[in-house]
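Worksheet: one structure, shown below.
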Amino acid sequence: MNEQRRTRLALLALVGTVLALFLANKYLDDYKIRIINLSGIYVTLGLSMNLINGFTGLFSLGHAGFMAVGAYTVGLLTMPIPMKEMNFFFQPIVPWLANVEMGFLPALLVAGLISAFLGVLIGAPVLRLRDDYLAIATLGFAEIIRVVFTNTQSLTNGALGLKGIPNYTNTWWSWGVAFVTIWFVSFLIRGSYGKAFMAIREDEIAAEAMGINLFRHKVLSFAFASFFAGVAGGLLASLLGTIDPNMFRITLTFNILLIVVLGGLGRITGTVVAAVVVTVMMEALRFLDESINLGFIQIKGIPGMRMVIFSIILILVVVLRREGLLTRLKGREASYAEN
Amino acid sequence: MLRIENLTMKFGGVVACSSFSAEVKRGQIVGLIGPNGAGKTTVFNVITGVYKPTEGQIFFHPRDGETHQLVGLSPDRIAKLGICRTFQNTRLFGQLSVLDNVFIGNHLRLKSNVLSSVLRIPSYAREEREIYEKSLYLLEKIGLQDFKDERASSLPYGMQRRLEMARALATEPKLLLLDEPAAGMNPQETRELTDFIQEIKEEFDLTIFLIEHHMEVVMEISERIYVLDHGVLIAEGSPSEVQRNAKVIEAYLGVG
């Protein structure tokens, strides 16, 4: 019965979103459509990061790196051949990429797979580390990706970035992928493997004593998360049309972390709502970066003020409501009994 | 079933356990006792692969003609071979439901791969249904069926201990290691526990190795007892032999 209700709610949400997207595409201007696209992409990113940080309990900060891999893969695979020649005027592109041009869906899949492969490659050594060490190592990985991409001129066009990536991403793509991610993560978490991930989060020693291979399951969770991060990076590249290595700095990872923490670690619905709210707020609070005229007083604009507000919210949430903003406080007495 | 040979475990300069040898035969309940800090839990941690011993060997015979050297294997491998344990200070998956705790105990026997679990293909769905039924049966066995949707951490202490046993049983062990199962229980609960241990031993065809401080429990159910003091084996034998042993009395009561 519970199951049925859940399915019905999910279907309702799906139909509602399709309807909303349909109306939005009809009536809203490009700027607002772009925000809707970004929201969808951030839903995917938020869930992907929550899979590692929230469900498996690993503190990883490598998302910007995986997104960069996905973004460049999609950029290079979908860009028309003459456009590539124009981009790579400084140094010609490597021959094996020069004449490749594929559709958006296969490019996204390749982006996800390469990113997942890299996730496994990087995960194998670093997933043996714990907590803060893992965070530092994954952060380092993301930076390495960025620096490598800045310097591989004939592969990524270096600091010049890629321009003229075809804009395939529309609301159907961004939200379609978001729904696939929601579906995937929900079913994964409800199944035996997802429960094993959560067991690792709860108590590694006990999980291992129950026969759960820690390393294998951590790598698995890492691979899925990096797959979706790669796909989301690809969507972003195709939405923006222009990418360069400096887009994929730690601040990008921070935005996703913000969504995950506000939505609640290990919460699917919370993450989805937080992704939309944060993306919209990022735009809505833009006035904070500009000068504000209150009539009697003129406040000078400080660029980056928005992020200060978000950081304060993040600190407040971490201090006061670690379960995330949307979680009903059911487990207070429970955590008391634990101690 | 289990043979421990000359096990030595040093942590830096501290010798937690020194040349300890023991044998647990199939179908037996064997007790491991000793004063606090005697190295009992260390022995369990070495058997289950949490620590790698400084010296010594451990052999496990889950069935005839099959022998495994446990030293050097990881805890999850050892669990798959058929050794499962409970913890002295319970280590449940606190934020997860009671049912999920038992469900996770089954994970190591799962045959389906991860993608079939996400896609919920029929063979996985069938496996999952079986796991649910088995988990519910185990919960009924320990009398927690009405608490199945509660958070594990919200249960009172005694129930948490039983839940840990159900979770361990879900892994389908041949050898069950119980680390102080009666800790913190009143006499009534302790009696129930003794009955319960004997009952599951019969039903699941288990061999049990247990650490216990409650002498009534150990003396009543163990066929054989090993006594450790400061990491050294000071006595072994049947409960009555051990009870009469002068060294054991000295270790527990101190020299007068």
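Quantities reported herein were computed from a predicted structural model and do not represent experimental measurements. The sequence lines fix the lettering, A, B, ..., with proteins before strands; numbering per chain opens at 1.
Evaluation of the side-chain contact (heavy atoms from CB on, under 4.5 Å) rule for B/P75 yields A/E208 as partners, not counting sequence neighbours.
In this structure, A/F104 places its CZ atom where more than 12 heavy-atom neighbours from other residues, nucleotides or ligands lie under 6.0 Å away. Atom OH of A/Y133 has 12 or fewer heavy atoms from other residues, nucleotides or ligands within 6.0 Å. For A/R216, the CZ atom sits in a loose shell: 12 or fewer heavy atoms of surrounding residues, nucleotides or ligands are nearer than 6.0 Å. Applying the 6.0 Å contact sphere to CZ of B/R109 captures more than 12 heavy atoms from other residues, nucleotides or ligands.
Counting all heavy atoms, side chain and backbone alike, B/C84 lies closest to A/A209 at SG-O, 3.8 Å. In plain terms, the two heavy atoms of A/I205 and B/F87 that are nearest each other are CG2-CE2, 3.9 Å.
Atoms NE2 and CE, from B/H107 and A/M210 in turn, are 13.5 Å apart once rounded to the nearest 0.5 Å. A distance of 12.5 Å separates CZ of B/F93 from NZ of A/K195, quoted to the nearest 0.5 Å. Between A/N213 atom CG and B/S74 atom OG the span is 6.5 Å, to the nearest 0.5 Å. Separating the NZ atom in B/K80 from the CD1 atom in A/I212 is a distance of 9.0 Å, to the nearest 0.5 Å.
Only the backbone of A/R190 has a heavy atom closer than 4.5 Å to any heavy atom of chain B. Using a 4.5 Å cut-off between heavy atoms, B/S112 touches chain A through its backbone atoms (N, CA, C, O) alone. Only the side chain of B/Y124 comes within less than 4.5 Å of a heavy atom in chain A; its backbone stays farther off. Of the two parts of A/L220, only the side chain, counted from C-beta on, holds a non-hydrogen atom closer than 4.5 Å to a non-hydrogen atom of chain B. No part of B/R77 comes within reach of chain A, as not one of its non-hydrogen atoms sits under 4.5 angstrom from that chain.
Ranked by heavy-atom pairs under 4.5 Å with chain B, the first of A/G266, A/G191, A/A199 is A/A199. Of all the listed residues (A/F187, A/Y193, A/W183, A/F184), the one sharing the greatest number of non-hydrogen pairs under 4.5 Å with chain B is A/Y193. Contacts with chain A were tallied for B/L81, B/I78, B/N113; B/N113 has the most, counting heavy-atom pairs under 4.5 Å. Ranked by non-hydrogen atom pairs under 4.5 Å with chain A, the options B/D100, B/L115, B/T48 are led by B/D100.
Among B/N106, B/I104, B/L110, the one residue that satisfies the side chain to side chain contact (heavy atoms under 4.5 Å, CB included) test with A/S192 is B/L110.
Residues A/R201 and B/L96 have side chains in contact (heavy-atom distance under 4.5 Å, counting atoms from C-beta outward).
Side chain of A/E202 to main chain of B/Q95: a donor-acceptor pair is present (N/O by atom type, distance under 3.5 Å, no hydrogens or angles).
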Residues B/V114, A/L188; criterion side-chain contact (heavy atoms from CB on, under 4.5 Å); working and verdict: CA-CA 8 Å; B/V114 62; A/L188 177 65; 3.7 Å; yes
